[in-house]
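Everything below concerns the one structure shown next.
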Amino acid sequence: TKPVKLIHASLFGFLMVCQRVCRVGKGRPCYKLAYFSEPRRRLNFGEAELACRRDGGELLSVESESEQKIIEQLITELRPSDGDFWIGLRRNHGDQVSSSECSSLYYWLDGSKSTFRNWHWDEPSCGYEVCVVMYHQPSAPPGLGGLYMFQWNDDNCETKNNFICKYTAGTHRHTHTHTHTHTHCAVFTPNFLQVFSVCHALNLIYIILPTIPLLLLLLTVIGYKKQRQRAS
């Protein structure tokens, strides 16, 4: 993989970080990590699935141990705080609600037939939690399986999490070549068409914000001069 620079945008008190990385080589997938430092801005499973599809991809399928390691590397380079990532693995509600074996009921949203799994040692729990996250809890105390880092866990589909999109030759509509990278900062909302206008405006915001103190000082001086003129 060839990592690209990250866009860190501190805007109105929250951090948006998004990264699209395309692996060099014909037919290899691209990935985009969507991370939000403010938990209330994260998305549930259905919203994350819709966001990826509107961007021409799917929630991440992990088809091999080597691909798992690639994703781990990308998340590590992102250096996010605690917050799990949705991936595109789930089973249907009502398939099985007992505590017995249910791992065979999980399927990839993008149609992948890969049987690779990276469950935490005591997962899946086979209850009402049917959508899958990749753990990212660097500050959590280690459990019996070690740190809660990058293993998979079944979660409530309504939980708000970060997420990862994957773009393949069959689904990715925006990348014309895999020999270079594209980076976009995006707030993945249900109204996905507005995403890129928000991000393109960030450069303008960075220009305007440093000038605000100067503008306030100038307005204060002008007001003071006008007040003195009226007094005289």
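In this text the structure is predicted, and so the values were computed from the model without any measurement. Side-chain atoms are counted along with the backbone in the values below, which use heavy atoms only and exclude waters and symmetry mates.
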In Å, rounded to the nearest 0.5 Å, how long is the span from [atom1] of [X] to [atom2] of [Y]?
| X | Y | atom1 | atom2 | answer |
| --- | --- | --- | --- | --- |
| Leu60 | Glu58 | CG | CD | 11.0 Å |
| Asp155 | Tyr128 | CG | OH | 8.0 Å |
| Arg91 | Ser104 | CZ | OG | 10.0 Å |
| Phe45 | Ile87 | CZ | CD1 | 8.5 Å |
| Ile75 | Ile70 | CD1 | CD1 | 12.5 Å |
| Asp110 | Arg53 | CG | CZ | 9.0 Å |

Exercise for the section: Output, in order, the C-alpha distance, side-chain angles, deciding distance and verdict of side-chain contact (heavy atoms from CB on, under 4.5 Å) for Val132 and Glu123. Expected result: CA-CA 10 Å; Val132 178; Glu123 301 294 344; over 6 Å; no
Problem - Validation row, ring centre Trp119 to ring centre Tyr106 under 6.0 Å - result: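 Between Trp119 and Tyr106, the centre distance is under 6.0 Å.
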Handout entry: Proximity of Trp108 and Phe116 rings by center, below 6.0 Å
Key =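 No, they do not, as the ring centres are separated by 6.0 Å or more.
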Can you name the closest pair of heavy atoms from [X] and [Y] and give their distance?
| X | Y | answer |
| --- | --- | --- |
| Arg90 | Asn92 | NH2-CA, 4.2 Å |
| Ala51 | Phe163 | CB-CZ, 4.1 Å |
| Thr168 | Pro29 | CG2-CB, 4.2 Å |
| Cys157 | Val130 | SG-CG2, 3.4 Å |
| Arg42 | Lys160 | O-CD, 3.2 Å |
| Asp55 | Lys32 | OD2-NZ, 2.9 Å |

With a 4.5 Å heavy-atom cut-off, do [X] and [Y] have their side chains touching?
| X | Y | answer |
| --- | --- | --- |
| Thr159 | Trp86 | yes |
| Ile71 | Phe85 | no |
| Val62 | Asn118 | no |

Practice task
With sequence neighbours left out, write down each residue that passes side chain to side chain donor-acceptor pair (under 3.5 Å) with Ser112, or none if nothing qualifies.
Solution key: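 Testing Ser112 for side chain to side chain donor-acceptor pair (under 3.5 Å), a comparison that skips the adjacent residues, returns Glu63.
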Problem - side chain to side chain contact (heavy atoms under 4.5 Å, CB included) involving Ser64 - partner list, sequence neighbours excluded - result: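 Side chain to side chain contact (heavy atoms under 4.5 Å, CB included) check on Ser64 returns Ser66, Glu67.
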Scan the side chains in residues 134-148 for donor-acceptor partners under 3.5 Å anywhere in the protein, sequence neighbours excluded, and list what turns up.
unit_1: His136; atom_1: ND1; unit_2: Ser81; atom_2: O; d: 3.2
unit_1: Gln137; atom_1: NE2; unit_2: Asp84; atom_2: OD1; d: 2.9
unit_1: Ser139; atom_1: OG; unit_2: Asp82; atom_2: OD1; d: 3.2
unit_1: Ser139; atom_1: OG; unit_2: Asp82; atom_2: OD2; d: 2.4

Practice task
Would you tell me whether Trp152 and Gln68 have side-chain atoms, one donor and one acceptor, within less than 3.5 Å of each other?
Solution key: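 Note: Trp152 and Gln68 side chains meet the donor-acceptor criterion.
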